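Small disclaimer: the values here were computed from a predicted structure and weren't measured. So that the names make sense, note that chain A is the first sequence line, chain B the second, and so on, each numbered from 1.
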2 protein chains.
Amino acid sequence: MQNSQSSSKRFLDIIVELQSLIKEQGIQYGDKLPSERHLAEKLQVSRTAVREALRSMELLGLIKTKRGEGTFLSDFKKHQLVEVLSTFIMQQARSVQDVVETRMIHERAAITAVTQQPELLLLPVWKGMQSKLTEEDAVFLREDMVRETIIATENRLSLKIWFLLKQYSGVSFDVAITEKEEIAIVSELLDEMMAGNTKQALACYEQWMNRVEGERREIE
Amino acid sequence: MQNSQSSSKRFLDIIVELQSLIKEQGIQYGDKLPSERHLAEKLQVSRTAVREALRSMELLGLIKTKRGEGTFLSDFKKHQLVEVLSTFIMQQARSVQDVVETRMIHERAAITAVTQQPELLLLPVWKGMQSKLTEEDAVFLREDMVRETIIATENRLSLKIWFLLKQYSGVSFDVAITEKEEIAIVSELLDEMMAGNTKQALACYEQWMNRVEGERREIE
DNA sequence: AGTAGTCAGGTGGTCTGACCACTTTGCTGA
DNA sequence: TCAGCAAAGTGGTCAGACCACCTGACTACT
């Protein structure tokens with residue numbers, strides 16, 4: 001993906017050039033990169049500009065630098081990850097709806113996974129949730145409930161993605177639904193989950209989301 | 001000169017100092033930061049060093065710079081996004097299995113979404129896939145098939161996440177299943193999808209994955 | 001021969017001072 | 001009054017200079 005802005009971001013161009021250079025020369029992970037001075041000459045920019053690009057890449061974990069020795073290409077997979085993620089971040093999510101929808105994808109998947117693995121239903125967390133439901137405030141319920149569900153799946157990657165999406169999409173779960181209603185729905189969801197009824201649990205979830213959504217429409 | 005033996009990464013220190021400075025002065029998202037020259041003087045470092053730190057932060061989306069105007073603290077949500085992302089990136093996914101499973105989460109979600117939206121089933125892509133199935137190699141089938149499905153959902157974020165997960169988990173889809181078998185399964189999956197049978201389509205998908213997985217175990 | 005010491009060259013880390021391009025501000029003069 | 005312009009301030013870039021550190025070759029002594 002070319003960023004194609006009015007090219008005010010020189011150091012971004014340099015990063016791109018650097019990556020294609022790495023590809024061309026077949027530099028492997030752990031190998032040494034050309035020195036800053038050589039890169040500056042090769043790319044026809046100042047060493048300052050090269051360094052700004054390198055420092056950015058270093059902060060992202062793409063490279064590692066050792067004083068007196070040189071700059072080394074870091075691990076492969078981090079590389080790919082960061083590339084796409086950072087591109088996405090720069091371009092900004094096209095719509096908030098994408099973020100919300102993707103978050104819900106992970107939430108549905110967690111509910112499905114938990115209800116289909118009987119051993120996960122024996123975890124003490126669920127009973128704790130049930131008792132809390134009758135006592136406490138409903139404001140944090142959603143967060144706790146879903147988080148615990150995803151934690152139960154033991155997929156840390158999914159958990160992290162969900163976590164960041166949640167922060168990104170913001171939290172505004174206090175309108176358009178009363179606490180009583182929400183408690184009722186969540187309680188039903190929890191019951192269905194513990195009963196191992198995937199379909200019914202998902203239905204509860206959808207109902208819940210329908211009540212809760214719609215308030216975030218004019219955020220952007 | 002009070003540096004530095006212990007942590008030779010000056011620009012990292014500067015980032016930390018910058019963030020505490022932001023906190024102290026109560027700078028809000030969207031507010032203007034002190035100019036590079038002022039920061040250099042305040043932190044008792046050169047403007048070069050300040051710039052290296054700022055460029056790193058910019059690549060992470062923490063700040064935005066406008067020539068002739070100044071440097072601005074970026075939006076809150078992006079901030080969180082990047083923070084979590086970078087943490088994740090640094091720590092590395094715990095296991096390859098997480099990545100595979102998360103990828104499959106997105107794939108299942110796409111299949112479900114498409115089969116439940118009749119208008120998406122009218123897209124010409126599917127018929128194109130069907131005809132290709134009888135002609136070409138099966139090697140790229142999986143990739144094409146799944147990608148088109150996710151594209152059809154029009155969730156760009158999910159697509160990007162899937163794309164990076166795919167790269168991350170690597171591709172080794174040519175063993176443990178013959179081309180003929182794979183074509184048969186994919187063909188069935190496609191048929192079920194076009195018929196709008198969510199459940200059957202997902203069942204096909206699971207069957208497919210079961211045949212294809214298991215070969216990637218000793219990659220890492 | 002083998003070892004310790006020295007030294008030159010390369011590397012990243014930092015700094016200085018100087019331009020450039022751009023925006024805002026405010027002053028000037030008609 | 002207000003259009004126009006100059007100055008100041010900002011980020012963007014550059015060249016050149018040190019510094020701290022590492023490596024490797026060379027030297028000199030044992």
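With respect to B/K42 and B/E24, no salt bridge is recorded, no charged nitrogen being found less than 4.0 Å from a carboxylate O. Taking a cutoff of 4.0 Å between a charged side-chain nitrogen and a carboxylate oxygen, A/E41 and A/R37 do not qualify as a salt bridge. We find that B/K64 and B/E58 are not joined by a salt bridge, their nearest charged nitrogen and carboxylate oxygen being 4.0 Å or further apart. Ion pairing between A/R108 and A/E206 holds under the 4.0 Å rule for side-chain N and carboxylate O.
Between the NZ atom of A/K66 and the C1' atom of D/dA20 there is a distance of 17 Å, given to the nearest Å. Remark: C1' of D/dA20 and CD of A/E69 are 13 Å apart, rounded to the nearest angstrom. Counting to the nearest Å, the P atom of D/dC22 and the NZ atom of A/K32 are 15 Å from each other. Atom-to-atom, CG of A/L43 to P of D/dA15 comes out at 13 Å; the value is rounded to the nearest Å. If you take CZ of A/R47 and P of D/dC14, they are 14 Å apart, rounded to a whole angstrom. The CZ atom of A/R55 sits 14 Å away from the P atom of C/dC15 (whole-angstrom rounding). B/H38 places its NE2 atom 14 Å from the P atom of D/dA8, with the value rounded to the nearest Å. Atom C1' of nucleotide C/dG12 and atom CD1 of A/I63 are separated by 11 Å, given to the nearest angstrom.
Distances shown here put every side-chain N or O of A/T65 at or beyond 4.0 Å from the OP1 or OP2 atom of C/dT11.
Each of A/T48 and A/L54 has a nearest nucleotide on DNA chain C; the 5'-most of these lies closest to A/L54.
Side-chain proximity of A/S46 to the nucleotides D/dT13, D/dG12, C/dT11 is greatest for D/dT13. Each of C/dT14, D/dC14, D/dT13 was ranked by its minimum atom distance to the side chain of A/V45; first place goes to D/dC14. When distances run from any side-chain atom of A/E36 to the nucleotides D/dT13, C/dT11, C/dG13, the shortest one goes to C/dG13. With distances taken from any side-chain atom of A/R51 to the nucleotides C/dT11, C/dT14, D/dG11, the minimum falls on C/dT14. Ranking C/dT14, D/dT10, D/dC21 by closeness to the A/R67 side chain, first place goes to D/dC21.
Checked by atom type and distance alone, the side chain of B/W162 never pairs as donor or acceptor with a backbone atom of B/V146 at under 3.5 Å.
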